[in-house]
Every structure is written in structure tokens, then in C-alpha cells.
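One structure follows; several queries about it will come next.
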Amino acid sequence: MPDSPPADLPSTDLAPLELPATVRRRAATARRVVAFTGAGVSRESGLATFRGGEGGLWDRFRPEELATPEAFASHPERVWGWYAWRFRAAAAAEPNPGHHALVRLGEIFPQLTLVTQNVDGLHQRAGSRGVLEVHGTLRRARCHRCGTEREMAAAVEESPDEPPRCPCGGRFRPAVVWFGEPLPQDVLRRAAEAAGEADLFVAAGTSATVFPAAGLIDTAHRGGAVVIEVNPEPTAFSGLAELRIAAPSGEALPRLAAALAACRAG
Ligand code: OAD
């Protein structure tokens, strides 16, 4: 046996994650667990985040020109084309070890509620079930007039450059939440309930700047949850966390899941 591991192995994979005693104790008995994710969790799948790091979408594009009902009304082709581009990128991407670790978390804690701000569908493709998509989904298109829904894949294929027409005369748009629009109320209610009742709350890959979704972290903390944050950068909510893991989620979440599983084993 060699004394040391091969040099090309990343050292973060080798070091066991040290959980503070407060987290270990809570993990041993926790029943209700919430994972709350943002764009950072899909970064290692090759998808851009909105803020932070290089190439953030909102550094390159103006949200008011692309992600508002007014933008869709005045420039439907531009808005549709941008979302068609993002849809293709998401469809071509693969779930990364962070997504898979959250599937594992659901096996460790059967009462896991996974709440995501992401619209890319990668959690579901990794195998997570019952995902609460508080900002909607890019996988579906919805008529802005009558509300009829269809698959985004077929809509983009049929009409890559402009929003396809609905039989009612309206136009299809991506079924995502735009600035100035309410979140899907039933989804938000279920997410808020889960956060308020959570024993353990894992926030991963979110800048926690867009409300009301970001408020779930505070809801969970006030409800007594032990909060764990996974993000290379600190956020406004870092101070609420019992444990902050300043590493990419593709590395941190598998190690966190393994460490939490060990707490369950005794
Ligand atoms: P943001 O782009 O605001 O934040 C991404 C976060 O991920 C940042 O805090 C980064 O530090 C972190 N990050 C980057 N790489 C990471 C990695 N490999 N692992 C873990 N974290 C990493 O994304 P969200 O918080 O999801 O809303 O943004 C919230 C909402 O703002 C989005 O849902 C979207 C956007 O406008 C709508 O479109 C309505």
C-alpha cells in the first residue's frame, strides 16, 4: 500500500467532513428535513448562475429585458429566444454529484422536502421526487392567455425563434416565474410549511437574495431548524447557519450526505 494517495486525487474528497456537535445531535434524531437549492447547485453541470462568479447571467443580460411580463409583451421573440437557449442548455446538461447527493439525502431522511429555485429540472432527472419548484419550470410552456400547458421541448422544436401560438390565439411562454409575478401559491405554502417545521435545513448554491423564496431560510431558523449552508461565498443568511461549508456543492453535498448518514448509523 502506498503511504499517501495519488497526487491527482482532490484532497477535499479524502478529508472527512467534521460536523459540529450541534449538527450531529440534531441529525441523529431529525425527521423533517428541507433542502433548499439555487443556481449554484447546477454550476458544476455547466449551467450559469445569475449572480456571483464569472459569467453570471444577470451580469451579461438585463433581467428587465428578459424576465418580466412587460418584456414578453413588447419583445416576445427576444424573450422566447433567450429561454429557448437556456432550455437547450439545461436539456443538454447532466445532473452532477450535488444533485445525486440530494437524492441520497432523501433516502437518509425519508421526510425530506426538496425546494428549488432552479427551473432546469436537474433534481428530477437525478431522481429526486416531489420537488417543490418555487420559481416554476423551464421544462413546460404555458399560454399567457388561457393557461394551457405543453412540453417546452416540443414548443422550442416547433418554433425556436418566436413563441408558438396557442389555439386560443395567445402565445406560449416558459412556465417560469418572472420578476413582478407571484410565486405559485400552493407550492410556496407547502415550502413555507416544510421550512417552518424542519428539524434540519440545508441551503445550497443560493445567493438568498430573491424573496419570498430566500425568506424560507429565516422561516426555518425561527422554527428551530439547525441550518447548514453550502456555498463557496457567504450570503446574508450565513449568520443563521450552525455549519457553513465554503465549497462547491458537487464536492460538499456528497460529503455532507455521508456525514449525516453516519450520524443516523449511531
Ligand atoms: P444566484 O445566481 O443568485 O446565486 C448563486 C449562488 O451559488 C451564489 O451565491 C454563488 O456563490 C453560489 N455558487 C456558485 N457556484 C457554486 C457551486 N459550485 N456550488 C455551490 N454554490 C455555488 O442564484 P439563486 O440564488 O438561485 O429567479 O437566484 C435566485 C433567483 O434569482 C433565481 O431563481 C432567479 C434569479 O433571478 C427568477 O428568475 C425569478
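Counting convention: from 1, in listed order, for ligands and their atoms alike.
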Per-atom filter on ligand 1: closer than 4.0 angstrom to a heavy atom of Ala39 are 23 (O), 24 (P), 26 (O)
For ligand 1, is any non-hydrogen atom under 4.0 Å from Trp178's backbone (N, CA, C, O), its side chain (CB onward), both, or neither?
neither
d(Arg104 CZ, Ser128 OG) to nearest 0.5 Å is 13.0 Å
Is it the case that atom CZ in Arg60 sees more than 12 heavy atoms from other parts of the structure closer than 6.0 Å?
yes
For ligand 1, which is the ligand I care about here, please tell me if Gly38 has any N or O atom under 3.5 Å from one of the ligand's N or O atoms.
no
Gly56 heavy atom under 4.0 Å from ligand 1:
no
Counting both backbone and side chain atoms, is some N or O of Gly205 under 3.5 Å from an N or O of ligand 1?
yes
Geometric class of the Phe211/Phe237 ring pair [parallel <30°, tilted 30-60°, perpendicular >60°]:
tilted
If you define the side chain from C-beta out and look only at heavy atoms, does anything of Asp161 sit under 4.5 Å from Glu77?
no
What is the distance from atom CG of Leu102 to atom OG of Ser249, rounded to the nearest 0.5 Å?
8.0 Å
Kindly confirm or rule out an N or O of Arg43 lying under 3.5 angstrom from an N or O of ligand 1.
no
Note: His135, heavy atoms under 4.0 Å from ligand 1, region reported as side chain
Could you say whether the N/O atoms of Asn118 and ligand 1 ever approach to under 3.5 Å?
no
Within the 4.0 Å heavy-atom cut-off, what Val210 brings close to ligand 1 is side chain
Just wondering, do Arg125 and Glu94 contact through their side chains at under 4.5 Å, heavy atoms?
yes
Parallel, tilted or perpendicular for Trp58 and Phe179, by the 30°/60° rule?
tilted
Nearest neighbour of atom 31 (O) of ligand 1 from the list Arg51, Glu133, Gln117, Glu44, on a heavy-atom basis
Arg51
Taking atom CD of Glu18 as the centre, does the number of heavy atoms from other residues, nucleotides or ligands within less than 6.0 Å exceed 12?
no
Do ligand 1 and Thr235 have nitrogen or oxygen atoms that lie under 3.5 Å from each other?
no
Hey, which atoms in ligand 1 end up nearer than 4.0 Å to a heavy atom of Glu233?
11 (O)
Leu253 side chain reached by Val202 side chain, heavy atoms, under 4.5 Å
yes
From Phe179, Phe50, Trp58 - option closest to atom 2 (O) of ligand 1 by heavy atom:
Phe50
Within a reach of under 6.0 Å around CD of Glu157, are more than 12 heavy atoms found that belong to other residues, nucleotides or ligands?
no
Regarding atom 12 (C) of ligand 1: of the candidates Val134, Thr37, Asn231, which has the closest heavy atom?
Asn231
For atom 38 (O) of ligand 1, which of the options Val176, Thr209, Val177 provides the nearest non-hydrogen atom?
Val177
Examine Pro248 against ligand 1 and note whether any of their N/O atoms are separated by less than 3.5 Å.
no
